[in-house]
Each structure stands twice: as C-alpha cells, then as structure tokens.
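Okay, structure first, notes after.
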Amino acid sequence: MEKADIASMTLPRLTEWVTGELGEPKFRAGQLYRWLHQKRAGSFAEMTDLSAALRARLEQTAFLTAVTTRRRLESRLDGTVKLLLELPDRHCVETVLMRYEHGLSLCISTQVGCRMGCKFCASTLGGLVRNLTPAEMLGEVYEAERQAGEPIASLVLMGIGEPLDNYRNVLDFLTILSSPEGRGLSLRHVSLSTCGLCDRIDELAELGLGLTLSISLHAADDETRSGIMPVNRKYNIARLMKSCKNYFAKTGRRISYEYALIAGVNDTPAHAEALASLLAGQNCHINLIPVNPVAERGTRRPDRSAVRRFADRLNALGQNATVRRELGSDIAAACGQLRRAEAENGCPAPN
Ligand code: SAH
C-alpha cells in the first residue's frame, strides 16, 4: 500500500483520512495538522500527545516530507539569502529570502524545472522534471523560516516553475499556508507570478482569494512576445488582457505586470509607448527588471540610462512604473542558475 502524503492534505482532507483510513476521532486530525504545520515535527516520534500505538500506525501508513538546505549563499551587499533546497528524491529547487522594510519576503519554486520555454529564462532550459507537492512548497517556507530564525512577512511564487501549470497543488498549498490552524499567512501577503495561462487565471478569479497576481508580460505586441514567450501563441496579448481585467473586476486586486528589459528586443521608446497604450486605463503597476543575463541565452540588459528612460517614458504617459531594486546580485544571478550549476555536484541533472 502506498503511504499517504499527509503534509500535502488540507485540514478537511486530513480529517477525512484520519477518520476514514485510521478510524480515529476527528480531533486527532487537528492535532496532527498542528504538528505538521505549526510545530513542524520532523518525525512521528515527536508527536508526543498522540499515543504510541497511533504513532506506530502513522509510521506505517503515512510519510513526512523533508526539505533540507543543500547550499546557502548570502549576499554581502544586502543580506539576501539564496537557498538551494533538496527534496526527498534529491531533486533541487531554489528559494530566495529578501529583506524589505515591511519584513522578510520569500520567493519559492513551484516545479522542478519548467515547460514554458521562455527564451530568456534559465529555469526552463532542461524542461519540466516534475511538479512540487503542496508539502514540498510548505517545506520551502518552513525551511526558509528556520534558516532565517524569524517568520516571513510575505511570499512570492516567482521561483522555478509555472505555478498555474501546477494548479491543484498550488491551491492546496495556499489553503494550508493561509489556514489559521496551519501557517496562518494571509493571502493578502502572497503574490503569484504567471507567464499567462489564461484559463487558470479565469478560474483563480472566481475563487476571489485576495492573492496579488503578477503577470510576466515582457512585450506589448504579439510578434515580440511570441518571439520570447511560446505561451503567447496559445494565449495572445488580447486574451491575456481580457483575463487580467476580469481578475481585477472580480477580486479588486490590482495586477502587477513584470517587464524584463532585454537589449535590442523590447527596450526602445516605441516599446514603452506600446506598453503604455496597452495598459492605459488599467489600475495596475509595472515592474521593470533589467534582464539577468543567462549564459546559454545570449540575452543582454540595456544600460542603466536606457532603463531609466524607459521608466520615465512610461511614467510620463501616466503609468505607474518602477525599476525593481536589485538584490543579491553577487550571489547566483538569475533564478534557476544555481540549480543548473549544482547538477554537476549530485542533484539530479535538469536533463
Ligand atoms: N513562471 C512564472 C513564475 C516564475 S518566473 C512566470 O513566468 O511568471 C519569475 C519571473 O522572472 C517572471 O516574470 C519571469 O519572466 C522572470 N524572469 C525569468 N528569467 C529572467 C531573467 N533572466 N531575467 C529577468 N527576469 C527573468
């Protein structure tokens, strides 16, 4: 019999399992859930308010998910910490801890690898290996908090992987993360970044979760966007804008658009003007990010003054655009690169 992944179960699901599979009273599910998500037990043996007999049965029927730190890099410039985390099957993902005025912010991965194929991104170079389970995403949060020695204030799903390509697991993860009996982190402090899987964005809008949606836009015309983001051939810009407007209408949450500036691709004043007119009338925010060069990709970032001009042009046209503050630039460059580098040292290779 396959053992149950109990740390991936929402409280209602765990209750069903505890009362059904184990034939135990309902309150045991609450106890177990707190051990998993508040006290963060590393073994069943630690769960001392459960009887020895019950712990032995748990040992036989269920497993815990260990997420451990394989490497830790700390920026000397700003204290940003990048963790290479190892999953139970030895695959690795990256998380990043950043210090802001409002507290610690954590960026986590949602998949091992990615199949979206964006041309400037390191995470997708080896394709998708597998989805992360809810327990593994929670493990990223818990291990990062353990390393930091303090709770995080906010979370972004912006590491390796496309969260909406792992939709069910990401939703269960968010349910557990935000539940008062679990981690209790309000989804108002969580952002989910997507390359634009519109059907999923529409589903998410119906749930009205209070999440902030970040859209990786990177171009305001279909030709340029399809050239760097294959997803645009399935969901073009008009379709994406429809989903974004619907998301705002249904949730009242302002969308944040990500725009990575790539020299010679999407960085001219004409591109800024096209972007401003595309987003005209939307109550949104534009995040400009000078692209992180990825060796295999040959992408270059525009120089500082071109970035500034691009931002100024947008602001002059009435848009709310800021250049993202760069953190941790001395430790591991673009997302996904640490995992690739580490493949040579024993993490299963990203293909
Ligand atoms: N798949 C999701 C989330 C992960 S990528 C998404 O596409 O949004 C997180 C963000 O980093 C996205 O905006 C992505 O486009 C951006 N990104 C990827 N590679 C980058 C690079 N080399 N430089 C700057 N930003 C990059």
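Remember, it's 1-based here, ligands and their atoms both numbered in the order they're listed. The first residue in the sequence is number 1, and the count goes up from there. Treat the numbers as computed from the prediction; the structure is a model and nothing was measured.
- Among M158, E258, H218, the residue whose heavy atom lies nearest to atom 16 (C) of ligand 1 is H218.
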Taking it one step at a time, do R253 and T212 satisfy side chain to side chain donor-acceptor pair (under 3.5 Å)?
-> CA-CA 6 Å; R253 305 290 291 166; T212 297; 3.2 Å; yes
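- Judged by distance alone, the side chains of D172 and T175 never bring a donor and an acceptor atom under 3.5 Å apart.
- Ion pairing between a basic and an acidic side chain is recognised when a charged N comes within 4.0 Å of a carboxylate O; R55 and E59 show no such pairing.
- In this comparison of S216, C195, G161, G196, the heavy atom closest to atom 12 (C) of ligand 1 sits on S216.
- Under the salt bridge (charged side-chain N to carboxylate O under 4.0 Å, His left out) test applied with E94, the options K82, R72, R71, R70 reduce to a single match, K82.
- With 3.5 Å as the limit, one finds a donor-acceptor pair spanning the side chains of Y235 and D199.
- Counting atoms of ligand 1 from 1 in the listed order, those under 4.0 Å from a heavy atom of C121 are 18 (C), 19 (N).
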Can you list the steps and then say if Y100 with M98 is a side-chain contact (heavy atoms from CB on, under 4.5 Å)?
-> CA-CA 6 Å; Y100 289 105; M98 291 154 289; 3.8 Å; yes
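- Each of the atoms 22 (N) of ligand 1 lies under 4.0 Å from some heavy atom of V294.
- Residue G159 approaches ligand 1 through these ligand atoms, each under 4.0 Å from one of its heavy atoms: 4 (C).
- Of the options I289, N292, T110, the smallest heavy-atom separation from atom 23 (N) of ligand 1 is shown by N292.
- Every atom of ligand 1 with a heavy atom of F120 under 4.0 Å away is listed here by number and element: 15 (O), 17 (N), 18 (C), 19 (N), 20 (C), 21 (C), 22 (N).
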